[in-house]
Amino acid sequence: IPEKYKRRREWLRAVLKNLGFELLQKSVWVGNGQLPEELINDLKKLEMLEYVHVFTVLKSGSLI
């Protein structure tokens with residue numbers, strides 16, 4: 001998320017923490033469960049959705 005959206009980026013970090021997500025590495029968050037639809041809608045309204053990528057892992061285990 002670009003520097004010009006610093007406050008929005010800080011807001012997103014706080015939201016992710018409140019949802020129980022943890023920082024895996026810089027700018028990569030991991031957590032159990034789905035993101036609330038309301039959060040996705042808020043990201044759209046704040047013009048941040050293009051900077052956020054959501055990945056879903058359906059099965060645990062090795063990549064090999």
Side-chain angles (χ1 to χ4, degrees):
I1 299 172
E3 184 63 26
K4 70 179 182 177
Y5 295 133
K6 183 178 180 178
R7 287 191 186 270
R8 295 176 190 182
R9 191 171 60 229
E10 291 169 354
W11 165 83
L12 179 57
R13 285 187 194 123
V15 169
L16 290 172
K17 285 180 185 179
N18 286 336
L19 291 172
F21 283 71
E22 297 179 6
L23 192 62
L24 181 62
Q25 67 180 45
K26 185 177 180 182
S27 300
V28 179
W29 291 80
V30 63
N32 291 323
Q34 292 185 328
L35 293 175
E37 189 174 329
E38 182 180 351
L39 174 58
I40 303 301
N41 292 334
D42 288 343
L43 291 171
K44 286 178 188 176
K45 289 176 191 172
L46 294 170
E47 299 178 356
M48 293 173 54
L49 197 55
E50 68 181 292
Y51 305 112
V52 176
H53 302 278
V54 178
F55 297 90
T56 302
V57 177
L58 300 175
K59 184 177 175 183
S60 65
S62 176
L63 294 175
I64 300 173

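Position 1 is the first residue of the sequence; numbering continues from there.
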Q: Kindly give the cluster partners of Val30, where membership spreads through any ILVMFWY side chain lying under 4.5 Å from a current member.
A: Leu24, Val28
Q: Side chain to side chain donor-acceptor pair (under 3.5 Å): which pairs involve residues 2-14, sequence neighbours left out?
A: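 Listed once each, the pairs are Glu3-Arg9.
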Q: If you look only at pairs with a residue in residues 36-52, which of them pass as a salt bridge (charged side-chain N to carboxylate O under 4.0 Å, His left out), with sequence neighbours excluded?
A: none
Q: Quick one: are Leu12 and Val52 in side-chain contact, heavy atoms under 4.5 Å?
A: yes
Q: Might you work through the side chain to side chain contact (heavy atoms under 4.5 Å, CB included) test for Leu16 and Leu23, ending with a clear yes or no?
A: CA-CA 9 Å; Leu16 290 172; Leu23 192 62; over 6 Å; no
Q: Do any pairs count as a side chain to side chain donor-acceptor pair (under 3.5 Å) and have a residue in residues 19-35, sequence neighbours left out, and if so which ones?
A: none
